[in-house]
Amino acid sequence: MPELLEIETHRVAASAVLGRRIVEVHTPDSWYLKRGADAAAITGALLHQEVVDVGRHGKLLTLSVTGAAVLGLRFGMTGRLVVDGHAPIGRLEYSSGRFDDAWVRFSLSFAGGGSLTVFDQRRLGGVELDPDLSTLGPDASTLTVAQLREALGSSSASLKAVLLDQHRLAGLGNLLVDEALWRSRLDPTRPASSLDGGEQRRLASTIRSTVAELGRRGGSHTGDLQVARRPGALCPRCATPLQRRVVGTRTTWSCPLEQR
DNA sequence: ATTGTGGCCTGCCCGC
DNA sequence: TGCGGGCAGGCCACAA
């Protein structure tokens with residue numbers, strides 16, 4: 001699903017299971033278990049253990065348990081979390097508002113009641129054991145100029161493709177990148193290495209403020225550009241017709257006049 | 001190593 | 001109403 005903001009919402013909700021002991025591990029969809037993990041390995045690592053930490057790294061949600069195992073949860077585009085029967089995010093763009101039992105891909109039950117369940121109709125997310133966090137770039141919510149400069153590097157790829165690359169910068173998805181570039185007045189197709197020092201500072205600062213503001217508004221879909229993402233849309237600032245292109249394999253909206 | 005492409009899955013919406 | 005095509009906020013394995 002979701003981008004950093006939605007996963008952060010999930011992290012807060014999942015914190016409710018801190019300190020609880022896992023009494024059942026439900027893996028109805030073996031396809032959902034990634035990186036060589038199977039039901040036996042995951043059950044063996046989690047059963048009878050207590051949850052000691054709930055964390056987020058970019059779009060990855062992690063549950064650490066006693067016995068040192070770490071469970072990594074990825075939500076793809078349509079995965080949603082339900083904690084103790086409550087969904088922190090009821091519906092997503094491009095995802096049904098329903099929670100069909102057939103879409104349960106993974107679930108934990110806890111001593112004394114309560115559960116943590118992943119619903120994912122399209123099965124684009126997944127669950128893994130001991131995820132390698134070293135492959136993820138710095139988290140976009142706390143991005144510094146130095147980190148952005150490092151992420152952009154000398155890359156000839158488009159600015160947008162680099163910002164979407166979780167190995168370079170973790171947490172941004174298609175909507176947040178479009179919003180941040182629009183607010184920064186930068187063209188998504190610019191080579192990543194072409195930004196000068198001033199543009200790098202402006203972009204790093206804008207990424208942080210965009211994440212913070214859209215977080216307060218309620219999610220990645222609440223951006224000013226996002227609400228305009230439809231045929232015939234005009235730039236919310238200057239009323240120029242917005243441009244719709246495919247950049248970095250993703251549908252991209254931008255203002256052809258302001259974003260340079 | 002870096003960059004770009006295709007594919008994975010399924011449901012929804014639009015136009016005919 | 002029914003159907004087909006296009007679309008989707010992610011990510012991985014591959015090819016060049």
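All values reported here derive from a predicted model rather than from experimental measurement. These numbers come from the heavy atoms of this one structure, side chains and all, not from hydrogens, waters or symmetry mates.
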Taking only the P atom of each, what is the distance from dG6(C) to dG6(B) in whole angstrom? 15 Å
For Ser220(A), which residues count as a side chain to side chain donor-acceptor pair (under 3.5 Å) partner, sequence neighbours excluded? Glu6(A)
Just how far, in rounded Å, is P of dG9(C) from CE of Met77(A)? 6 Å
Provide the distance between the two P atoms, one in dG11(B) and one in dC12(C), to the nearest whole Å. 23 Å
Secondary-structure stems, DNA chain B, at least 3 Watson-Crick or G-U base pairs under 3.5 Å: B:2-8 with C:10-16, B:10-16 with C:2-8
Residues in residues 127-142 of chain A with a heavy atom under 4.0 Å of DNA chain C, by number, are none
Has the side chain of Gln259(A) got a donor or acceptor atom that lies under 3.5 Å from a matching backbone atom of Cys255(A)? yes
Separation of dC12(C) atom C1' from Trp31(A) atom CH2, nearest Å, is 10 Å
Gln121(A) CD - dG10(C) P separation (whole Å): 15 Å
With sequence neighbours excluded, residues passing side-chain contact (heavy atoms from CB on, under 4.5 Å) with Asp165(A): His167(A), Arg168(A)
Run the side chain to side chain donor-acceptor pair (under 3.5 Å) test against Ser134(A) and tell me which residues pass, sequence neighbours left out. Asp132(A)
Quick test of your reading: applying side chain to side chain donor-acceptor pair (under 3.5 Å), list the pairs with at least one residue in residues 107-117 of chain A, sequence neighbours left out, ordered by first then second residue. Ser107(A)-Thr117(A)
Round to a whole Å and report the spacing from CG of Leu33(A) to C1' of dC11(C). 17 Å
Donor-acceptor pair under 3.5 Å: do we get one between Glu6(A)'s side chain and the base of dG9(C)? yes
Pairs involving residues 10-21 of chain A, ordered by first then second residue, that meet salt bridge (Lys or Arg N to Asp or Glu O under 4.0 Å) (sequence neighbours left out): Glu8(A)-Arg11(A), Arg20(A)-Asp84(A)
Name the closest nucleotide to the Trp103(A) side chain, picking from dG9(C), dG11(B), dC11(C). dG11(B)
Polar atom pairs (N or O), protein with nucleotides 1-4 of chain B, under 3.5 Å:
residue, atom, partner, partner atom, Å
dT3(B), OP1, Ser155(A), OG, 2.7
dT3(B), OP1, Ser156(A), N, 2.8
dT3(B), OP2, Ser155(A), OG, 3.3
dT3(B), OP2, Arg168(A), NH2, 2.7

Give me the ring orientation class for Phe119(A) and Phe99(A): parallel if the planes are under 30° apart, tilted from 30 to 60°, perpendicular past 60°. perpendicular
Gln226(A) atom CD is separated from dA8(C) atom C1', nearest whole Å, by 12 Å
Whole-Å gap separating C1' (dC12(C)) and CZ (Arg250(A)): 13 Å
Who pairs with Glu258(A) by side chain to side chain donor-acceptor pair (under 3.5 Å), at least two apart in sequence or on another chain? Arg237(A)
Tell me which nucleotide among dG9(C), dT10(B), dC11(C) gets nearest to the side chain of Arg123(A). dT10(B)
Rounded to whole Å, CD of Glu3(A) lies from C1' of dG10(C) at a distance of 10 Å
Donor-acceptor list for residues 172-182 of chain A side chains, cut-off 3.5 Å, not counting sequence neighbours:
residue, atom, partner, partner atom, Å
Asn174(A), OD1, Lys160(A), NZ, 2.5
Asn174(A), ND2, Thr251(A), O, 3.0
Asp178(A), OD1, Lys160(A), NZ, 2.7
Asp178(A), OD2, Arg229(A), NH1, 2.9
Asp178(A), OD2, Trp253(A), N, 2.9
Glu179(A), OE1, Asp224(A), N, 3.3
Glu179(A), OE1, Leu225(A), N, 2.9
Glu179(A), OE2, Arg183(A), NE, 2.8
Glu179(A), OE2, Arg183(A), NH2, 3.2
Glu179(A), OE2, Asp224(A), N, 3.0

Using the test side chain to side chain donor-acceptor pair (under 3.5 Å), find all partners of Ser205(A) that sit at least two apart in sequence or belong to another chain. none
Under 3.5 Å donor-acceptor, Glu199(A) side chain and Asp196(A) backbone: yes
Distance test, side-chain N/O of Thr251(A) to OP1/OP2 of dA8(C), below 4.0 Å: yes
Ring pair (Phe, Tyr, Trp, His ring centres under 6.0 Å): which pairs involve residues 25-46 of chain A, sequence neighbours left out? none
Which nucleotide in dG10(C), dT10(B), dA8(C) has an atom nearest any side-chain atom of Leu124(A): dG10(C)
What integer distance in Å separates Arg122(A):CZ from dG10(C):C1'? 9 Å
Does OP1 or OP2 of dC12(C) have a side-chain N or O of Lys34(A) closer than 4.0 Å? no
